[in-house]
*Asks:* 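Pasting a structure below so you can have a look.
Just so you know, residue 1 is the first one in the sequence shown, and it goes up from there. Each ligand, and each atom within it, is numbered from 1 in the order the structure gives. All values reported here derive from a predicted model rather than from experimental measurement.
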Amino acid sequence: MPARTQTKLPAAGLFPITAEVNAKGRLAIGGCDVADLAGKFGTPVYIYDEATIRHMCREFTGAFKKEYPDSRVSYSSKAFANPALAKVIEEEGLGMDVVTGGELAVAKAAGFPAAHLNFHGNNKGRQELGEALDYGIGRITIDSFHEIGLLNAIAGEKKLRQDVMLRVSPSIDPHTHLLTTTGILDSKFGFSIETGAAEEAVKQAAASEHLNVIGLHFHLGSPLFELEPYTQAVAYVLDFAAKMRRKYRFQLKEFNPGGGMAIGYIREKMPPAIAEYAREIAAAVRAGCDAHGLPEPSLTVEPGRAIVGRAGVAVYTVGGIKDIPGVRTYVSVDGGMGDNIRPALYGSKYTVTHVTKPAARGVKTVTIAGKFCESGDVLARDVKVPAIASGDLLALPASGAYCVPMASNYNMASRPAIVLVNKGKARLIRRRETYADLLATAVM
Ligand code: LLP
């Protein structure tokens with residue numbers, strides 16, 4: 001008998017690497033039937049594929065080590081912070097970035113090694129900084145003059161000298177959504193090189209007894225589908241580093257050009273390969289150092305989205321379907337802007353797949369709406385789907401980054417369950433919130 005050829009999953013490049021159409025003709029991830037998972041854990045549910053997370057960690061470390069041996073990858077935990085994930089990240093040998101005391105608490109809960117943590121953020125508080133120092137954090141990336149004084153004082157009280165990076169702003173537009181653009185002049189983040197603030201920060205930090213400035217950091221924005229902005233920014237910041245070396249004998253031991261590497265949300269817009277980001281960034285660092293006779297610093301990149309984005313798939317159940325003849329068909333699902341604010345906030349686009357007939361051809365154009373009380377609560381506008389009915393399950397791939405972390409309790413909705421799948425096994429890593437959770441902080 002000829003071997004049964006397996007049905008191909010359309011849009012496979014947007015889904016986790018283990019995603020497939022299984023023998024029942026249904027969507028499976030990590031060897032688990034997605035409809036079965038929805039039955040067991042309820043919907044909305046976010047399914048994360050461990051194999052994809054590990055694969056992306058290895059892609060990054062492999063690509064950057066190949067192009068620039070003295071390099072490290074630090075996962076930006078704002079993309080999705082969870083203790084079980086942090087353990088996987090640590091096992092894969094990555095460092096981790098945090099931006100609040102809360103993300104630091106997640107790292108601590110996972111027993112993440114303090115030396116491999118970097119604390120970012122444009123307005124870290126005294127308490128958060130104290131907690132980070134008490135944990136023995138490896139790096140703090142200073143973002144403002146206020147923070148130079150504050151951190152120097154706290155480190156002084158604790159009688160230590162903290163390794164710090166300075167976040168500079170290179171005035172470069174990476175052509176992403178304005179709300180996720182950070183490295184331009186008009187930004188709340190970092191010390192502007194253009195205005196002279198960065199030079200003043202180098203001077204002040206170097207003169208701070210309890211700070212040990214080891215390098216420079218910048219982050220342009222997110223997601224970056226173009227490579228050129230990295231090249232331009234690396235050149236500009238290394239130029240600045242060389243000037244600081246001439247004037248103040250500043251030594252650039254570490255260099256961090258941030259994260260921002262993109263993922264595919266829709267088939268029509270796919271990102272460069274990780275290897276291309278690595279090649280471009282490494283070449284720019286080497287060229288900049290050559291041009292100025294600078295010793296090559298150690299390099300750290302800090303992707304968030306590209307590590308977990310493709311690994312996560314959101315699954316919803318269809319409720320009401322409203323057909324407005326000649327206008328639009330609204331297909332309402334049981335989640336929406338409460339668990340994924342990205343379409344409403346940035347106009348982000350998503351691809352929609354029918355869970356029990358993932359390979360079926362799209363026959364009707366519909367708009368997938370959420371259940372929240374806002375007209376803007378739309379997850380995907382004008383997408384083609386197969387015949388669809390109430391009770392059907394829909395999957396949105398590329399939902400692993402910045403959906404769950406930006407989730408809210410708007411309309412007093414419970415935030416969804418999160419399941420980690422691997423080799424046919426599913427593990428709940430965050431349970432769905434209950435009404436008791438929602439009321440836990442109310443003071444009667
Ligand atoms: N490093 C710094 C300093 C950052 O601010 C960020 C992201 C990253 C690294 C990681 O960027 P990634 O590799 O994940 O692109 N909520 C938005 C994204 C905000 C990104 C904030 N900073 C979204 O949903 O698209």
*Asks:* Assess H177 for proximity to ligand 1: is some non-hydrogen atom of it under 4.0 Å away?
*Replies:* no

*Asks:* Assess the side chains of T300 and S74: does a donor N or O sit below 3.5 Å from an acceptor N or O?
*Replies:* no

*Asks:* Of the side chain and backbone of A79, name the one, both, or neither that has a heavy atom under 4.0 Å from an atom of ligand 1.
*Replies:* neither

*Asks:* Which protein non-hydrogen atom lies closest to atom 15 (O) of ligand 1, naming both residue and atom, and how far is it?
*Replies:* S222 OG, 2.4 Å

*Asks:* Does an N or O anywhere in G260 fall below 3.5 Å from an N or O of ligand 1?
*Replies:* yes

*Asks:* Name all residues meeting the side-chain contact (heavy atoms from CB on, under 4.5 Å) criterion together with E50; count only those two or more places apart in sequence or in a different chain, and write none if there are none.
*Replies:* R54, V88, L420, N422

*Asks:* Distance to 0.1 Å, residue and atom name: give those for the protein heavy atom nearest to atom 17 (C) of ligand 1.
*Replies:* Y346 OH, 3.1 Å

*Asks:* Identify the protein heavy atom lying closest to atom 10 (C) of ligand 1, giving its residue, its atom name and the separation to 0.1 Å.
*Replies:* S76 OG, 3.4 Å

*Asks:* Is there a polar contact between ligand 1 and R167, counting only N or O atoms under 3.5 Å apart?
*Replies:* no

*Asks:* Looking only at protein heavy atoms, identify the closest one to atom 1 (N) of ligand 1 and say how far it is in Å.
*Replies:* E302 OE2, 2.7 Å

*Asks:* Taking atom NZ of K108 as the centre, report whether more than 12 heavy atoms of other residues, nucleotides or ligands fall under 6.0 Å from it.
*Replies:* yes

*Asks:* Given H120, which partner from the list N256, T100, D97 fulfils the side-chain hydrogen bond (donor to acceptor under 3.5 Å, both in side chains) test?
*Replies:* D97

*Asks:* Do any N/O atoms on G304 end up under 3.5 angstrom from N/O atoms on ligand 1?
*Replies:* yes

*Asks:* May I ask you to identify the nearest protein heavy atom to atom 4 (C) of ligand 1, giving residue, atom name and distance to one decimal place in Å?
*Replies:* K78 NZ, 2.9 Å

*Asks:* Are F145 and F191 close enough that their ring centers fall under 6.0 Å?
*Replies:* yes

*Asks:* Please tell me whether Y236 and F218 form a close aromatic pair, meaning their ring centres lie under 6.0 Å apart.
*Replies:* no

*Asks:* Would you mind running through ligand 1 and noting each atom that sits below 4.0 Å from a heavy atom of T180?
*Replies:* 17 (C), 18 (C)

*Asks:* Please tell me if the side chains of V34 and V315 come closer than 4.5 Å, counting only heavy atoms from C-beta onward.
*Replies:* yes

*Asks:* Is there any N or O on R342 that sits under 3.5 Å from an N or O of ligand 1?
*Replies:* yes

*Asks:* State, yes or no, whether a side-chain contact exists between V99 and S76 at a heavy-atom distance under 4.5 Å.
*Replies:* no

*Asks:* Are any of the N/O atoms in Y402 less than 3.5 Å from those in ligand 1?
*Replies:* yes

*Asks:* Is A401 close enough to touch ligand 1? Criterion: a residue heavy atom under 4.0 Å from a ligand atom.
*Replies:* no

*Asks:* Does atom NE2 of H354 have more than 12 heavy-atom neighbours from other groups under 6.0 Å away?
*Replies:* yes

*Asks:* Taking distance alone, with no angle check, do R305 and ligand 1 share an N/O pair under 3.5 Å?
*Replies:* yes

